[in-house]
Structure formats: C-alpha cells, structure tokens
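What you see below is based on every heavy atom in this structure, not just the backbone, and it leaves out hydrogens, waters and symmetry mates.
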Amino acid sequence: MTNRILILSDTHFPYQHPQYFEWVKKIKDHIKFSSVIHIGDLVDFHSISFHSHSPELPNIKYEIDNAKKHILKLRKLFPMPMQILNGNHDIRIQRMAENANMPESFIKDLSDILGIEKSWKWTWHDKLIITLPNKNKVFFTHHFKSSVLSSSKELGMSFVAGHQHTQSNLSYWSSPTALNFAMTVGCSIDPKHEAFKYAKNFIKRPIISLGAIIDNQPMLFAMPMDSKGNWNGKVS
C-alpha cells in the first residue's frame with residue numbers, strides 16, 4: 001500500500017487551520033490515496049507546555065476534549081489505518097510524567113487519552129521506514145535536523161520530516177544506486193490562533209502544506225490562499 005501515500009503535516013489539534021478539513025478532503029478527492037501517514041504533532045497540548053502559554057486558552061481537560069472532536073473528523077475523512085510519528089507536542093504528557101519521576105506504567109496510553117480506538121489501527125512511531133514500489137526506502141520521522149537534505153544524506157535514503165512550520169520544500173540527491181529525495185511537509189496550523197501568538201513577530205511565516213508520494217514521486221500541496229489567509233478553494 002505504498003504506491004499512493006498521503007503525508008499529513010503538523011495539525012496541532014485543536015488549533016488547525018479553520019479550513020483544514022475542507023482542504024484535505026479536496027486533495028483526497030483529487031488523488032485517491034492507498035495509505036496515510038501523519039508526520040507528528042497530531043495534537044498541540046498548549047496548556048501543558050514547558051514554555052509560557054496563554055491564559056486565554058482552555059486548560060488541558062478542555063483542550064483534549066476539543067482535540068478529540070477534530071480527531072474524529074480526521075477519522076471520518078480517512079477510515080483506514082494510519083501511522084503517526086511521535087511529535088514533540090504529542091509527547092508532552094510523557095515528558096511531564098518523567099519530570100515528576102512517574103513510572104511509565106502509571107500513564108495512560110496516548111491513544112486512550114485522545115479517544116483513538118484500537119479498531120482504527122492508528123499506530124504511533126518514533127521513526128518509520130517504508131519501501132516504495134521501485135524498492136527505494138524512505139525514512140519518516142517528526143524531526144531530525146534543521147536541514148532535511150543533510151539528514152537524508154546522513155541516513156543514506158530518502159527522508160520526510162515535519163516540525164519546521166516555516167519550511168515546505170523538496171530536494172533531490174543521487175547516489176550510485178538511487179535517486180533520493182528529502183522533503184519537509186510544512187504544517188496545518190492556524191497562524192492567527194492565540195496558541196501561536198508567540199510567533200506573531202517572527203519574520204518567517206508558517207507554510208500551510210502537506211506531502212504525498214505518488215507512484216514513487218514525492219510532491220507537495222501548499223494551500224493556495226488569498227491576501228487574508230483564507231483558502232481559495234483550489235488544490236495547488
């Protein structure tokens with residue numbers, strides 16, 4: 001099931017772009033995918049950040065309850081197995097528990113916390129290696145190094161990552177045995193949301209995009225928007 005792969009970018013539920021689901025559905029209808037991979041940061045967990053967080057936003061209970069609603073929407077859009085990379089936001093509860101010297105056996109599984117049912121066959125991974133129909137291997141992880149091209153060359157295979165909201169790019173490099181690619185898939189956040197207020201003065205802006213690998217060929221879909229940051233209803 002690796003001939004038509006959709007790669008979902010950082011969604012940070014419940015703080016995704018307000019037109020996220022309509023946009024992804026349009027892409028899904030445009031290209032029929034055989035499998036889906038989420039690159040990580042499925043949820044945000046803003047309220048338990050180790051950094052400063054906004055008092056204007058809900059506490060962790062209500063944030064999770066809201067995130068669950070969007071996860072259900074994603075499940076309805078993709079009623080199929082999904083492989084999810086552990087993002088740095090996804091593991092915030094685990095990190096809090098570790099800092100409190102709490103044994104892992106005391107912590108609920110993240111899927112249980114987020115209402116992800118076992119029957120969905122959504123699985124979590126620190127890293128993932130798949131083999132494309134042309135036998136080339138692709139390494140997926142949420143984040144490795146700031147340069148995905150350097151990461152790909154160091155690993156000796158094609159490479160896909162997320163995490164870097166202001167980067168959405170695709171590069172190629174060759175070896176004696178393969179043509180490899182390095183891709184970072186952007187993000188799917190709402191840049192105007194209070195949760196991302198910390199970045200309002202950053203010069204670089206988030207790039208709303210996601211990735212795909214269709215018949216061995218990598219590609220990016222950036223959300224085409226108007227001057228107000230609204231999706232124009234088209235697929236780039």
Hydrophobic cluster membership, with links at side-chain heavy-atom distances under 4.5 Å among I/L/V/M/F/W/Y: are [X] and [Y] in one?
| X | Y | value |
| --- | --- | --- |
| Trp231 | Val24 | yes |
| Ile116 | Phe45 | yes |
| Ile48 | Ile91 | no |
| Leu132 | Leu6 | no |
| Ile27 | Ile207 | no |

message: Checking one residue: Ile203. Which other hydrophobic residues are in its cluster under the side-chain 4.5 Å linking rule?
response: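 Taking Ile, Leu, Val, Met, Phe, Trp and Tyr as members, Ile203 stands alone, with no cluster partners.
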Shortest non-hydrogen contact between [X] and [Y], atoms and distance:
| X | Y | value |
| --- | --- | --- |
| Ser151 | Phe159 | CB-CE2, 3.6 Å |
| Leu42 | Asp90 | N-OD1, 3.0 Å |
| Trp122 | Met80 | NE1-O, 3.2 Å |
| Asp190 | Gln16 | CB-O, 3.4 Å |
| His89 | Asp44 | ND1-O, 2.8 Å |
| Ser47 | Pro58 | CB-O, 3.5 Å |

Backbone N or O of [Y] within a donor-acceptor pair of the [X] side chain at under 3.5 Å?
| X | Y | value |
| --- | --- | --- |
| His17 | Gly229 | yes |
| Thr141 | Asp126 | yes |
| Ser54 | Glu194 | no |
| Asp109 | Ser111 | yes |
| Asn216 | Asn134 | yes |
| Arg4 | Ser34 | no |
| Thr166 | Pro206 | no |
| Thr2 | Thr131 | yes |
| Asn66 | Lys69 | no |
| Gln83 | Thr123 | no |

Any side-chain heavy atom of [X] within less than 4.5 Å of one from [Y]?
| X | Y | answer |
| --- | --- | --- |
| Asp41 | Val43 | no |
| Leu8 | Met82 | yes |
| Ile7 | Leu210 | no |
| Asp215 | Gln217 | no |
| Lys137 | Ile129 | yes |
| Phe181 | Pro218 | yes |
| Ser188 | Trp23 | yes |
| Ser175 | Asn180 | yes |

State plainly whether the residues Lys25 and Asp29 are in salt-bridge range, i.e. N to O under 4.0 Å. yes
| Note: Lys197-Glu56 ion pair, threshold 4.0 Å (strictly below) | no
Answer yes or no for Lys28 and Phe78: cation-pi contact, defined as NZ/CZ to six-membered ring centre under 6.0 Å and angle to ring axis within 45°.
yes
Query raised in the report: What orientation do His53 and His46 show, parallel under 30°, tilted 30 to 60°, or perpendicular over 60°?
Result: perpendicular
key: Donor on one side chain, acceptor on other, His163 and Asn88, under 3.5 Å   =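 Note: His163 and Asn88 side chains meet the donor-acceptor criterion.
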So how far is it from [X] [atom1] to [Y] [atom2], rounded to the nearest 0.5 Å?
| X | Y | atom1 | atom2 | value |
| --- | --- | --- | --- | --- |
| Met183 | Leu170 | CE | CG | 6.5 Å |
| Ile39 | Asn86 | CD1 | CG | 11.5 Å |
| Cys187 | Ile208 | SG | CD1 | 4.0 Å |
| Leu72 | Leu77 | CG | CG | 12.5 Å |
| Leu220 | Ser9 | CG | OG | 9.5 Å |
| Ser147 | Gln164 | OG | CD | 8.5 Å |

From the list Ile213, Ile5, Ile214, side chain to side chain contact (heavy atoms under 4.5 Å, CB included) partner of Phe33 resolves to Ile214
Could you walk me through whether Phe13 and Tyr20 satisfy the side-chain contact (heavy atoms from CB on, under 4.5 Å) test, starting with their C-alpha distance in whole Å, then the side-chain angles of each, then the deciding distance to 0.1 Å, before giving a yes or no? CA-CA 11 Å; Phe13 290 144; Tyr20 173 74; 4.2 Å; yes
Criterion side-chain contact (heavy atoms from CB on, under 4.5 Å) on Asp226 and Asn232, from CA distance to verdict: CA-CA 6 Å; Asp226 60 23; Asn232 66 10; 5.6 Å; no
- OH of Tyr62: more than 12 outside heavy atoms within 6.0 angstrom? no
Please indicate whether Phe50 has more than 12 foreign heavy atoms, meaning atoms of other residues, nucleotides or ligands, lying under 6.0 Å from its CZ.
yes
Margin query: Test side-chain contact (heavy atoms from CB on, under 4.5 Å) on Lys127 and Phe139; report intermediate values, then the result.
Written below: CA-CA 7 Å; Lys127 60 182 182 296; Phe139 190 104; 3.6 Å; yes
Checklist line | His12/Phe196 aromatic ring centres below 6.0 Å | finding: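 Yes, the ring of His12 comes within the 6.0 Å limit of the ring of Phe196, centre to centre.
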Using the rule given for side-chain contact (heavy atoms from CB on, under 4.5 Å), can you reason through Leu85 versus Phe140, listing the C-alpha separation, both sets of side-chain angles and the distance that settles it, and then say yes or no? CA-CA 8 Å; Leu85 282 305; Phe140 293 81; 4.1 Å; yes
